[in-house]
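First up is the structure itself, then whatever we jot down about it.
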Amino acid sequence: MTAMSTRSCPCGLPEPYAKCCGRYHAGAAAAPTAEALMRSRYCAFVKQDAAYLLRTWHPRTRPASLDFDAGMRWTGLEILGTGDGSAFHSVGTVTFRASFRGGSLHERSRFERVDGAWVYVDGDFLE
């Protein structure tokens, strides 16, 4: 797992937020891969950006709204593996571990392209 400086993006990559996930959140660019979308969605959870999360959720699995736990503090993201999900694919998976104060979430997420843009479909929790 990459150590985050105060200037690096919360997704764990060394770029500043504005040049990394911030540009996706602002709508200035679309995530080019399933992994990039996964990282930007983790960052949106860190920043409690419900609008971005809902916008990047597949229409058939998207909830009506999101509620954030005010006490939740995300502390890091580790990408454990990817399957497809590049610019040349229409589906992909990303296996990750997202750490939070007091524990972690281990999931294999599924992504699809809708109208050319990557969206989160659903995921399986792993041990």
Side-chain angles (χ1 to χ4, degrees):
M1 187 168 353
T2 303
M4 287 194 309
S5 73
T6 56
R7 295 189 341 222
S8 64
C9 188
C11 80
L13 294 177
E15 291 87 2
Y17 168 74
K19 290 185 178 181
C20 193
C21 295
R23 62 196 168 122
Y24 305 139
H25 294 175
T33 65
E35 180 181 340
L37 183 65
M38 173 62 238
R39 287 181 177 279
S40 70
R41 286 178 55 83
Y42 167 82
C43 190
F45 274 105
V46 169
K47 295 190 168 286
Q48 298 187 354
D49 184 347
Y52 180 78
L53 290 166
L54 292 171
R55 188 169 70 245
T56 58
W57 213 308
H58 197 291
R60 78 171 180 265
T61 57
R62 179 188 306 133
S65 64
L66 291 176
D67 294 317
F68 294 103
D69 178 347
M72 176 67 82
R73 295 291 176 260
W74 295 100
T75 59
L77 176 67
E78 181 181 9
I79 302 297
L80 303 172
T82 61
D84 295 337
S86 77
F88 302 105
H89 299 107
S90 58
V91 298
T93 61
V94 179
T95 303
F96 67 93
R97 180 171 290 109
S99 300
F100 55 88
R101 193 178 307 147
S104 67
L105 170 80
H106 187 194
E107 180 178 311
R108 180 174 299 113
S109 295
R110 282 180 283 284
F111 298 87
E112 291 179 11
R113 283 188 188 265
V114 172
D115 296 328
W118 285 107
V119 293
Y120 170 78
V121 177
D122 60 17
D124 296 320
F125 294 112
L126 305 172
E127 295 296 321

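For this chain, numbers begin at 1 and follow the sequence in order.
Remark: D49 CG to F68 CZ distance equals 7.0 Å, nearest 0.5 Å. Atoms CZ and CD, from R97 and E107 in turn, are 12.5 Å apart once rounded to the nearest 0.5 Å. Here CH2 of W57 is found 5.5 Å from CG of L66. Values are rounded to the nearest 0.5 Å. Atom OH of Y52 sits about 5.0 Å away from atom NE2 of H25, to the nearest 0.5 Å. D84 contributes atom CG, which lies 13.5 Å from atom CD of E35 (distance to the nearest 0.5 angstrom). The structure places SG of C9 at 10.0 Å from OH of Y42, a figure rounded to the nearest 0.5 Å.
Between Y24 and P32, some side-chain heavy-atom pair lies under the 4.5 Å cut-off. Annotation: side chain of M38 is not in contact with side chain of T82 (no heavy-atom distance under 4.5 Å). In this structure, the side chains of R62 and L54 come closer than 4.5 Å at one or more pairs of heavy atoms. Contact check for I79 versus R39: side-chain heavy atoms found under the 4.5 Å cut-off. For the pair F96/L80, no side-chain contact is recorded, criterion being any heavy-atom separation below 4.5 Å from C-beta on. Using a 4.5 Å cut-off on side-chain heavy atoms (C-beta onward), H106 and T95 make contact. Looking only at side-chain heavy atoms (C-beta outward), F45 and L77 stay at 4.5 Å or farther from each other. At a threshold of 4.5 Å between non-hydrogen side-chain atoms, the residues H58 and D122 do not count as touching.
Under a cutoff of 6.0 Å and an axis angle of 45°, K47 and Y17 form a cation-pi pair. For R41 and W118, the positive end is not near the middle of the six-membered ring at less than 6.0 Å and at most 45° from its axis.
E15 and R23 are not joined by a salt bridge, as no carboxylate oxygen comes within less than 4.0 angstrom of a charged side-chain nitrogen.
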Run the side-chain contact (heavy atoms from CB on, under 4.5 Å) test on R60 and V121 for me, step by step, so that the C-alpha distance in whole Å, both residues' side-chain angles and the decisive distance to 0.1 Å come before the verdict. CA-CA 8 Å; R60 78 171 180 265; V121 177; 3.6 Å; yes

For T33 and H89, what are the C-alpha separation, side-chain angles and deciding distance, and is it a side-chain contact (heavy atoms from CB on, under 4.5 Å)? CA-CA 9 Å; T33 65; H89 299 107; over 6 Å; no

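Cluster membership check: V114 does not share its hydrophobic cluster with V91, using side-chain heavy-atom separations under 4.5 Å among Ile, Leu, Val, Met, Phe, Trp and Tyr.
Between Y120 and F111, the ring planes lie perpendicular to each other; the angle is over 60°, past the 30° to 60° tilted range.
More than 12 heavy atoms of other shown residues, nucleotides or ligands fall within 6.0 angstrom of atom CG in D69.
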